[in-house]
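Down below is the structure, laid out as structure tokens.
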Amino acid sequence: MRWICILLSIGLRAAYAHDAGDLEVSTSSSGWSSVSLEGFDLRWTIEGDTIRFDMTAPTTGWLAVGFGGGPAMAQADMVIGYVGEQGEPRIQDGWGTGPVSHAGDTELGGSGDLEILRASEEEGITSMSFSRLLDTEDEYDFPLRPGTTLRLSVAWGADEADDFDSMHQSAHSATIEVENVAR
Ligand code: HEM
């Protein structure tokens with residue numbers, strides 16, 4: 001019985017948190033690159049020294065993307081966002097302080113370098129667009145440059161989990177190439 005429980009828990013963890021290895025990035029002629037990971041869609045475009053991201057996940061709670069770092073969340077440059085009950089969008093520029101912990105950059109002495117451009121929560125799906133400088137010069141932000149190969153992680157919380165702290169219901173990682181030409 002004990003072994004069945006252990007195997008079941010390993011199976012469940014594999015279903016809800018896993019490393020997808022190298023992930024193919026699609027780039028359109030309009031200059032947008034995109035990847036999809038277990039229902040989480042991320043696309044980005046670079047304009048001058050700024051990168052704009054659109055992220056979408058199947059939840060009405062928080063959704064997040066992380067760059068670099070590992071194992072799990074350690075030393076990852078994170079962006080966590082949600083649309084609150086009154087429709088107000090919130091975003092946190094975060095950092096993985098350990099494999100299973102994170103904090104806002106500003107709590108660690110760094111800076112908040114994200115600008116929310118658009119956010120919506122409809123039919124169980126949350127979408128948020130934000131921008132940041134490719135290199136914010138904050139020690140808690142990973143410099144993003146065209147041609148950079150980096151670890152991407154994505155995660156999202158349970159429905160209605162409008163916060164920056166609750167556990168994910170799904171978390172995944174992969175390796176991608178930020179292949180996009182500055183326009
Ligand atoms: C908000 C509060 C969060 C809590 C309390 C939390 C907690 C944890 C815990 C306990 C684990 C290890 C167990 C497991 O693998 O499921 C884990 C793994 C992980 N977390 Fe989080 N996490 C949070 C947020 C985030 C965010 C914002 C991201 C990414 C942007 C993230 C990405 C990951 C990844 C990629 C893993 C490893 C999954 C894998 O690749 O196997 N987490 N987290």
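What you see is a predicted model; the values in this text were computed from it and never measured.
- Other members of the hydrophobic cluster containing Trp95, listed by chain and number, are Leu108, Tyr140; membership follows side-chain contacts under 4.5 Å among ILVMFWY residues, whether direct or relayed.
- Inter-residue side-chain proximity for Leu23 and Leu37 is flagged as met; some heavy-atom pair is nearer than 4.5 Å.
- Under the 3.5 Å distance criterion, the side-chain polar atoms of Thr148 are left unmatched by any main-chain donor or acceptor of Leu150.
- Atom OG in Ser34 sits 12.5 Å away from atom CZ in Phe53 (nearest 0.5 Å).
- Contact check on Arg43 versus Asp41 returns no salt bridge, with no Lys/Arg side-chain nitrogen under 4.0 Å from an Asp/Glu carboxylate oxygen.
- Within the 4.5 Å cutoff, the side chain of Thr175 has heavy atoms near those of the Thr149 side chain.
- Nearest approach of Asp135 to Arg145, heavy atoms of both residues: OD2-NH2, 3.5 Å.
- A distance of 10.5 Å separates CE of Met128 from OG1 of Thr56, quoted to the nearest 0.5 Å.
- Of the N and O atoms on the side chains of Thr59 and Thr126, not one donor lies less than 3.5 Å from an acceptor on the other residue.
- Screening residues 68-84 for side-chain hydrogen bond (donor to acceptor under 3.5 Å, both in side chains), with sequence neighbours left out, gives Asp77-Arg132.
- The two residues Phe164 and Ile80 come nearest to each other via the heavy atoms CE2-O, 3.4 Å.
- Interatomic distance, Phe40 CZ to Ser153 OG, rounded to the nearest 0.5 Å: 9.5 Å.
- The closest side-chain heavy-atom distance from Met55 to Val79 is below 4.5 Å.
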**OP:** Could you walk me through whether Asp22 and Glu24 pass the side chain to side chain contact (heavy atoms under 4.5 Å, CB included) test, one step at a time?
**Re:** CA-CA 7 Å; Asp22 288 348; Glu24 186 95 8; over 6 Å; no
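- Closest approach of Ala76 and Gly68 over heavy atoms only: CB-O, 3.5 Å.
- Here the CD1 atom belonging to Ile51 is positioned 8.5 Å from the CZ atom belonging to Phe130, to the nearest 0.5 angstrom.
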